[in-house]
Amino acid sequence: MKLALLIILFPALTLIFSACGNSETTGKVDFVSDNISFAVEQYSLQTALIEESGKVLNPKTIDNGKIRYINPEEWTSGFFPGSMWYLYELTGDSKWMLLGAKYTEALNTVQYLTWHHDVGFMIGCSYGNGLRLSGNEAYKDVIVQAAKSLSTRYRPVAGILQSWNVDRGWQSERGWECPVIIDNMMNLELLFDATEYTGDSSFYHIAVMHADKTMEHHFRPDFSTWHVIDYSLADGSVRNKHTAQGFAHESTWARGQAWAIYGYTVAYRKTGDPRYLDQAENAFAFVANHPNLPEDGVPYWDFDAPGIPDALRDASAAAIIASALYELSTYSTKTDYRTWADKIITSLGSPAYRALPGENGNFLLKHSVGSIPHNSEVDVPLNYADYYFLEALKRKKDLDHVIQKTNG
Ligand code: GLY
């Protein structure tokens, strides 16, 4: 009798509960909606400029007050197309899908790139999101080809993918033989995906080898990370433990730690191996318990940066960590990862970090750093800070929706 009553009343109750939680009825705009509206406004200005130019441009940051556009071979070229896809996913507006496809397909040649390791970022954020959201099967071929290109950098003697070449640029001046950076964990998703699409387990095998070696050599006992591990190509031994973008070899570069948290979360998603989950959780515990983590959850550019508390923050590291924590919250309740992620993106969405419409080169977030030791991209917007902020918003939106449904 009671059950029958509930079944009859359920649709009405659902309506009442959802109306109670509906920002339109309460007159308040919720955090996610407000940030989506802002992103639409800001990136509409950004894309209008590009479309007016008649070229396909790829904005990365601002340099001396001007938007800096990058070429497809730059490691960050996938983020702006990826942000188009997230805007499509967040709004359902097909304008963003068309732009996503256009800017993604401008990266077509990247699938053959073999001179650095970043094809995972570049192709995953662009073609990977494009495949997920448009279902364009031709994008699968690009992803698989990119995975083949990345696999050429596998060095079996050391069991890792070489990050940087050492025959030119500043990397040639450091005495390295086979440098691997913690960031490289982010390229493994491409390899896992390629195995899913082809059934060829060699990509998966390389990804697992790399994740295991990185776990062995890149982490200190407190689960902080070295940025660069330089391997011997003769016997695979570790030659150097260095930094490139951090303050010192023995310091902890904030974005490197963010890549570690995110990278091992993905490695766990793709393999189900609990060691990777532990690694992601321990890497985040280092951040969460660090006395130098500011109250707003947005890290200084290095946990040991000189001049703390006046050192610069890195909003990009914060956005990466927040996005990873939303995913981690779906795998573990050991820590309240979701509350941590909410706290971080609330900070990023506040006036302290979020730009005003039309300023900041039409990027969303202010106050990121590219590389302080290279005096490059210091306290600027960066396209990857925006990308991971949008991804975090999407993940928050999904999780909030699940909670609302459960409560309803
Ligand atoms: N992957 C390069 C960086 O995080 O700066």
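Computed from a prediction, not measured in an experiment: that's the story for all the values here. Atoms within a ligand are numbered from 1 in the order they appear, just like the ligands themselves.
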Salt bridge between D183 and R255, side-chain N to carboxylate O under 4.0 Å? no

Are the side chain of R68 and the backbone N or O of K60 linked by a donor-acceptor pair below 3.5 Å? no

Taking 4.0 angstrom as the limit and counting only heavy atoms of Q245, give me the atoms of ligand 1 inside it, by number and element. 3 (C), 5 (O)

among protein heavy atoms, the one nearest atom 2 (C) of ligand 1 is D183 OD2, 3.1 Å

Has ligand 1 got any nitrogen or oxygen that is less than 3.5 angstrom from a nitrogen or oxygen of W259? yes

So does A254 get a backbone contact from the side chain of D314, meaning a donor-acceptor N/O pair under 3.5 Å? no

Those atoms of ligand 1 less than 4.0 Å from some heavy atom in R255: 3 (C), 4 (O), 5 (O)

Taking the six-membered ring for Trp, is the centroid-to-centroid distance between Y86 and F79 below 6.0 Å? no

